[in-house]
Amino acid sequence: MGTLIDTSVLIAVERGELEVDRILGGVRETGAPLAMAAITASEFLQGVHAARGARRVVAERSFNMWLDVLPVLPFDLEAARVHAILARQLGRRGAPIGAHDLIIAATAVSVGYRVATRDRRSFARVEGLDVEYW
């Protein structure tokens, strides 16, 4: 089973709270695919564009490094179908999650991946989503 990396994991690496080897080492050991959702790339880029001066240069380098090692999975029609189902299920239970997290969850479910995150609230609400907390 592949793993979709949530933005919270990438931010933790940027802050020095999580080692890059923790992420990439597991992939080398298991050979399981690792990717990010397109919305994760957008969230990361928002941080890059918000940064100024030397911090922005570092953030751009980091983003480009992640793009070199993580394919970006699109939010395609299959993900949209899953998204609609998950949104309805969560709404019926009165347990909606943020729009971006729902897109990440739908992308993961649509390709049969788990989500690696540091967010212990949102993704746990999604039925049928395998969540790994880093």
Side-chain angles (χ1 to χ4, degrees):
M1 172 183 284
T3 302
L4 202 60
I5 300 294
D6 176 40
T7 313
S8 63
V9 172
L10 302 177
I11 290 170
V13 171
E14 289 301 302
R15 292 180 178 163
E17 298 167 1
L18 188 61
E19 295 290 324
V20 173
D21 286 344
R22 164 72 169 93
I23 298 166
L24 301 180
V27 173
R28 287 185 204 113
E29 288 174 20
T30 65
L34 189 64
M36 77 169 87
I39 193 67
T40 300
S42 175
E43 288 177 329
F44 199 109
L45 281 168
Q46 288 174 43
V48 169
H49 294 300
R52 298 287 175 250
R55 176 70 192 115
R56 183 168 182 162
V57 171
V58 170
E60 286 175 338
R61 280 189 197 135
S62 177
F63 179 72
N64 289 328
M65 183 278 301
W66 285 116
L67 284 182
D68 286 343
V69 297
L70 297 178
V72 177
L73 301 184
F75 184 74
D76 59 12
L77 182 57
E78 184 57 31
R81 291 178 195 278
V82 172
H83 181 274
I85 292 167
L86 295 177
R88 179 72 176 141
Q89 288 173 345
L90 291 164
R92 287 177 118 177
R93 291 194 342 249
I97 64 175
H100 292 179
D101 289 343
L102 185 56
I103 292 169
I104 292 167
T107 302
V109 170
S110 74
V111 296
Y113 279 25
R114 74 176 58 85
V115 170
T117 187
R118 295 174 72 85
D119 176 353
R120 294 193 173 269
R121 292 169 292 137
S122 298
F123 295 107
R125 297 179 191 170
V126 180
E127 289 181 33
L129 178 65
D130 187 11
V131 182
E132 190 172 310
Y133 297 103
W134 290 1

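Note that the numbering runs from 1 along the sequence shown for the chain.
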Of all the heavy-atom pairs spanning [X] and [Y], show the shortest one and how long it is.
| X | Y | answer |
| --- | --- | --- |
| Ala41 | Phe63 | O-CE1, 3.8 Å |
| Ala59 | Val48 | O-CG2, 3.7 Å |
| Val115 | Ala108 | CG2-CB, 3.6 Å |
| Gly128 | Val109 | O-CG2, 4.4 Å |
| Asp119 | Ser8 | N-OG, 3.9 Å |
| Asp6 | Thr40 | C-CG2, 4.2 Å |

Taking atom [atom1] of [X] and atom [atom2] of [Y], what is their separation to the nearest 0.5 Å?
| X | Y | atom1 | atom2 | answer |
| --- | --- | --- | --- | --- |
| His83 | Ile85 | NE2 | CD1 | 11.5 Å |
| Glu14 | Arg55 | CD | CZ | 5.5 Å |
| Glu43 | Ile104 | CD | CD1 | 5.0 Å |
| Leu67 | Leu45 | CG | CG | 7.5 Å |
| Phe44 | His49 | CZ | NE2 | 11.0 Å |
| Gln46 | His100 | CD | NE2 | 6.5 Å |

Find out if a path of hydrophobic residues (ILVMFWY) with successive side-chain heavy-atom gaps under 4.5 Å connects [X] to [Y].
| X | Y | result |
| --- | --- | --- |
| Ile5 | Val131 | no |
| Phe123 | Leu73 | yes |
| Met65 | Val72 | yes |
| Leu70 | Ile39 | no |
| Ile11 | Ile23 | no |

Test your reading of the model: is there a side-chain donor-acceptor pair from [X] to the backbone of [Y], 3.5 Å cut-off?
| X | Y | result |
| --- | --- | --- |
| Ser62 | Val58 | no |
| Arg93 | Arg125 | yes |
| Arg114 | Thr3 | no |
| Ser110 | Val82 | no |

Starting from the C-alpha separation in whole Å, work towards a yes-or-no answer on side-chain contact (heavy atoms from CB on, under 4.5 Å) for Leu86 and Gln89.
CA-CA 5 Å; Leu86 295 177; Gln89 288 173 345; 3.6 Å; yes
Candidate pair Thr117 and Tyr133, rule side-chain contact (heavy atoms from CB on, under 4.5 Å), full reasoning
CA-CA 5 Å; Thr117 187; Tyr133 297 103; 3.9 Å; yes
Test log, rule side-chain contact (heavy atoms from CB on, under 4.5 Å), inputs Arg118 and Leu18:
CA-CA 10 Å; Arg118 295 174 72 85; Leu18 188 61; 4.1 Å; yes
With a sphere of 6.0 Å drawn around CD of Glu17, does it hold more than 12 non-hydrogen atoms of other residues, nucleotides or ligands?
yes
Under 6.0 Å from the CZ atom of Arg61, do we count more than 12 heavy atoms belonging to anything else shown?
no
Leu34 vs Leu24, side-chain contact (heavy atoms from CB on, under 4.5 Å): CA-CA, chis, key distance, verdict:
CA-CA 9 Å; Leu34 189 64; Leu24 301 180; 4.2 Å; yes
